[in-house]
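Reading through the structure tokens given below for one structure.
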Protein chains: 2
Amino acid sequence: MDVKTLCLGVLSMGEASGYEIKKRLEDGFSHFYDASFGSIYPALNRLQQEGLVTCAFEAQSKRPDKKVYALTADGKLALVRELATPPVEDRIRSEFLVTMLFADLLPAGYVGELIDQRIAEHGRVLAALTDKSCDGTPAQRFVAGYGEAMYAAAIKYLQDNRHLVESEALLAQVGRDREENGLTPRGTRTREASG
Amino acid sequence: MDVKTLCLGVLSMGEASGYEIKKRLEDGFSHFYDASFGSIYPALNRLQQEGLVTCAFEAQSKRPDKKVYALTADGKLALVRELATPPVEDRIRSEFLVTMLFADLLPAGYVGELIDQRIAEHGRVLAALTDKSCDGTPAQRFVAGYGEAMYAAAIKYLQDNRHLVESEALLAQVGRDREENGLTPRGTRTREASG
DNA sequence: TTATCCATGTAAGAAGTTACATGATTGA
DNA sequence: TCAATCATGTAACTTCTTACATGGATAA
């Protein structure tokens, strides 16, 4: 699955311009898939070449001209075929969690700030999703609700367990343990060699 | 943050070869960040050129030779500097959720199977994480626990709400609604134009 | 005997992001 | 007056994945 499929999907809910596709991805998709203009516009052009979408040029006064795309029968087929291939596993890339994993290398206050920010940001997204999960098709509510459940669980977990990465005393101890075990710059290696 | 930083991070917990770094990422990181050999080996070579890691060659009998990397003082500094820059938002790419969003284009039975598989797979990962969240540093338990919380919430949500994307009657209705609104192949556009 | 583990590396390519170019309109 | 919205597109670049090359040891 790639940006082309994503465009086909958005278009299956109604015709749209590239710009509008991006907007619709932002509010409704953005927590589990995203794409930039730099990938959407080329994708739409390729899709048109392949006959999977049609394009209607619309001149507008007071606004830049628009190219409104719509699915063709072939396009809908291609979308269904794509959707019928088993989805690959979720790919998640969380710099936040990497940072938390090495929290003992950072000032506890900074770690606390990061968690505060994260809770606040998740709260905002959660509120936005809660609005959305009331209307739309059942499938749209399902997906919005999924996001809600995830963000709510994340907030709760962070609140209940932040002490694990914020406790200064603990962190200092871990720091000392590390000195003893792993981080000597060189030369002291034993074990593991010459098996 | 990139694979180089990830390598520095793993090495901050103890020296390792490229192969071992990959293994350690797989069990402990893989649910929120991953990297392939094709990115790890070049990363380690660059890191060595930059003086952020040292490399000890270890000849092994009965096994291929090994290159064991260890952080230098500069490397640890670089890691801390990286970790101190605010993490970018999580990037999540879920083909599963995209598929769910367009579930009405697919046979309900197939959608049900996908959900069953997802619940089973999440259950496996959850069990693996539960083992891990008992030991390790507090930070490691924090991150493993975060994963646990997410997978548990996902499983519960799927069980409680799968009817939203599996109900045949509803889906058929949505399908008909779509015919009427969006998917006419071309020409019928009104609204939205010439604003 | 077949597959998997160990172990490193390169090269080609996919897929996407960022930054830029262009420019009127509108709201703060 | 400054920023944001609308609107499309290209080019350079980054980053990572996949596939390949190599090959002994071991477990099923």
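Hydrogens, waters and symmetry mates play no part in the numbers below; they use all other heavy atoms, side chains included. To find a chain, count down the sequence lines: A is the first, B the second, and so on, and within it residues start at 1.
Under the rule for a side-chain contact (heavy atoms from CB on, under 4.5 Å), the partners of B:Arg81 that lie at least two apart in sequence or sit in another chain are B:Leu77. Partners of B:Phe142 according to the ring pair (Phe, Tyr, Trp, His ring centres under 6.0 Å) rule, which considers only residues two or more places apart in sequence or in another chain, are A:Tyr157. Residues that satisfy the ring pair (Phe, Tyr, Trp, His ring centres under 6.0 Å) test with B:Tyr69, not counting sequence neighbours, are absent from this structure. Residues meeting the side-chain contact (heavy atoms from CB on, under 4.5 Å) test with B:Ala43, sequence neighbours left out: B:Val3, B:Lys4, B:Cys7, B:Arg46. Applying the side-chain hydrogen bond (donor to acceptor under 3.5 Å, both in side chains) criterion to B:Lys67, with sequence neighbours excluded, gives no partner residue. By the ring pair (Phe, Tyr, Trp, His ring centres under 6.0 Å) test, A:Phe37 pairs with A:Tyr19, A:Tyr41, sequence neighbours left out. Every side-chain contact (heavy atoms from CB on, under 4.5 Å) that A:Asp116 has, sequence neighbours left out, goes to A:Arg162. Taking A:Arg93 as the reference, B:Tyr33, B:Arg91 meet the side-chain contact (heavy atoms from CB on, under 4.5 Å) condition, with sequence neighbours excluded.
Using a 4.0 Å cut-off, no side-chain N or O of B:Gln60 falls inside it from OP1 or OP2 of C:dC6.
More than 12 heavy-atom neighbours from other residues, nucleotides or ligands sit within 6.0 angstrom of NZ on A:Lys23.
The side chain of A:Tyr19 lies closest to D:dC6 when the candidates are D:dT10, D:dC6, C:dG9. For B:Tyr69, taking side-chain heavy atoms from C-beta onward, the closest of the listed nucleotides D:dT10, C:dA7, C:dG9 is C:dG9.
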What's touching nucleotides 11-17 of chain D from the protein side, N or O pairs under 3.5 Å?
{"unit_1": "D:dT17", "atom_1": "OP2", "unit_2": "B:Ser36", "atom_2": "N", "d": "3.1"}
{"unit_1": "D:dT17", "atom_1": "OP2", "unit_2": "B:Ser36", "atom_2": "OG", "d": "2.8"}

Got a list of protein N/O to nucleotides 22-28 of chain D N/O distances below 3.5 Å?
none

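Bending across the helix from C:dT1-D:dA28 to C:dA28-D:dT1, expressed as the angle between its end axes from five pairs apiece, amounts to 60° (10° rounding).
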Just distance, no hydrogens or angles: give the donor-acceptor pairs under 3.5 Å from side chains in residues 145-152 of chain B, sequence neighbours left out.
{"unit_1": "B:Tyr146", "atom_1": "OH", "unit_2": "A:Arg118", "atom_2": "NH2", "d": "3.0"}
{"unit_1": "B:Glu148", "atom_1": "OE1", "unit_2": "B:Thr130", "atom_2": "OG1", "d": "3.3"}
{"unit_1": "B:Glu148", "atom_1": "OE2", "unit_2": "B:Ser133", "atom_2": "OG", "d": "2.6"}

